[in-house]
Amino acid sequence: MAAALLANVLYSTGFVLEKRALAALPEVTVRQPARLLRLVLGSPLWIGGSLALASGFGAQLAVYRTLPIAAAQGIFVSGLVLLVLLSARMLGEETSGRERYALAAILAALLMVVLSLKEGSDHVSRNAPYPLILLVCVPSLAAGVWLYRSTERGAGHRHRRPTTGVEYGVAVGLLYGVSSLAIKGVSNYLTTSDLGGAVVGLLKSPYPYLLLFTGAFGLVMSQAALQRCRASLIVPVCTTVTSLFTAVLGTLAFGEALPHDPLRLALRIGGTALAVTVLLTMPKHDNAPQPPVEAKELTNP
């Protein structure tokens with residue numbers, strides 16, 4: 001329990017620190033990835049946020065060794081609330097009443113999916129046909145990149161109202177969803193015997209190449225989006241899309257059956273449907289006042 005709460009604090013703090021660091025930097029864009037990486041790696045605050053995220057991942061590994069996955073996910077979901085609170089306190093981000101209701105509905109949807117899990121009763125598989133994995137992942141990657149580019153083009157119009165970041169969150173969430181499936185596939189090759197054969201088998205699979213693509217594009221896309229939009233909205237949306245993608249398409253690709261119990265089945269389908277509905281109805285334009293960023297003004301006189 002302590003490790004789970006620590007992971008929540010580290011993840012939320014990491015995103016907030018990265019957001020503050022990005023606000024103090026000149027505008028970054030996915031069209032100049034080398035410049036983006038040079039700028040963020042030159043920011044001690046951004047590096048601190050990245051280290052916090054990496055430490056959160058370490059704490060998460062400790063959680064999975066000591067808590068049932070359903071209980072751990074329930075605690076991790078509560079971290080979205082902490083993120084919103086930290087964003088308001090440290091970044092001055094304000095959410096509208098409609099956005100707060102939407103975030104509450106997202107939390108409820110994810111909790112419904114978590115409650116549909118039953119430790120020890122759900123079959124867990126790490127094997128999936130490669131053609132099926134590619135059939136699921138390649139169109140999803142294309143859709144994520146297309147949505148991101150489309151949002152970028154729209155945001156470039158002079159008279160367009162500022163975006164809330166929902167489209168950015170969905171786009172990056174699709175990439176991270178593919179990354180989650182790739183990590184699940186890689187885990188099948190983790191072994192202490194026949195290490196050479198495992199490495200050869202892994203290199204023949206699509207998983208390491210999917211991880212390379214999603215890691216490189218996900219980093220650049222997420223940082224550019226985080227600079228433009230409120231962390232209190234873009235991170236929950238991204239997390240929701242990633243979780244739903246992994247739960248729905250991962251179940252299909254890896255052949256994991258849906259719950260047989262009617263109540264658990266209703267919770268999983270209902271939670272998924274609620275989350276998708278909320279994402280489709282969330283406000284797309286930002287009416288919340290953006291806090292002044294003195295550091296950015298100093299770097300751009």
Side-chain angles (χ1 to χ4, degrees), residues 11 15 30 53 56-57 60 64 69 72-73 76-77 79-80 83 106-107 109-114 116-117 122 124-151 165-188 205-226 229 233-256 258 268-269 271-280 282:
Y11 277 133
F15 280 119
V30 294
L53 292 176
F57 176 74
Q60 188 176 7
Y64 284 138
I69 189 170
Q73 289 300 315
F76 290 146
V77 166
L80 295 179
L83 174 70
I106 284 177
L107 288 172
L110 292 177
L111 285 174
M112 288 172 67
V113 174
V114 168
S116 74
L117 303 172
D122 291 329
V124 178
S125 172
R126 292 190 176 91
N127 295 311
Y130 295 160
L132 182 57
I133 286 291
L134 294 175
L135 181 64
V136 168
C137 292
V138 172
S140 301
L141 292 175
V145 173
W146 173 84
L147 177 59
Y148 194 97
R149 292 187 62 184
S150 177
T151 306
V166 172
E167 297 94 336
Y168 285 126
V170 172
V172 177
L174 286 173
L175 264 69
Y176 285 161
V178 170
S179 180
S180 295
L181 293 190
I183 292 172
K184 185 175 177 66
V186 168
S187 67
N188 185 51
S205 75
Y207 302 125
Y209 312 106
L210 290 173
L211 281 176
L212 286 174
F213 182 91
T214 56
F217 277 76
L219 173 62
V220 174
M221 290 165 57
S222 63
Q223 297 308 304
L226 193 60
C229 308
L233 276 181
I234 192 172
V235 175
V237 170
C238 179
T239 301
T240 302
V241 172
T242 300
S243 299
L244 290 177
F245 184 96
T246 306
V248 177
L249 295 183
T251 297
L252 170 65
F254 286 88
E256 296 181 355
L258 291 171
R268 187 166 302 183
I269 295 177
T272 301
L274 175 59
V276 171
T277 301
V278 172
L279 289 176
L280 291 175
M282 284 186 73

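Values in this document were obtained by computation on a predicted structure and should not be read as measured data.
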Can you name the closest pair of heavy atoms from M112 and L274 and give their distance?
-> SD-CD2, 4.2 Å

Proximity of F213 and F217 rings by center, below 6.0 Å | yes

In Å, rounded to the nearest 0.5 Å, how long is the span from CG of L174 to OG1 of T214?
-> 12.0 Å

By side chain to side chain contact (heavy atoms under 4.5 Å, CB included) - contacts of S140 (at least two apart) = V178, F245, L249

Heavy atoms of C238 and V172 approach each other most closely as SG-CG1, 3.9 Å

What heavy-atom pair brings V145 and L175 nearest, and what distance separates the two atoms?
-> N-CD1, 4.4 Å

For residues L181 and C137, report the shortest heavy-atom separation together with the two atoms involved.
-> CD1-SG, 4.2 Å

Could you tell me whether the side chain of I133 reaches within less than 4.5 Å of the side chain of Y207, counting heavy atoms only?
-> yes

Considering all heavy atoms of both residues, which atom of V237 and which atom of V166 are nearest to each other, and what is their separation?
-> CG1-O, 3.7 Å

Quick one: are Y176 and S222 in side-chain contact, heavy atoms under 4.5 Å?
-> yes

Heavy-atom side-chain contact between L141 and L210 under 4.5 Å | yes

Minimum heavy-atom separation for L147 to E167, with atom names?
-> CD2-O, 3.6 Å

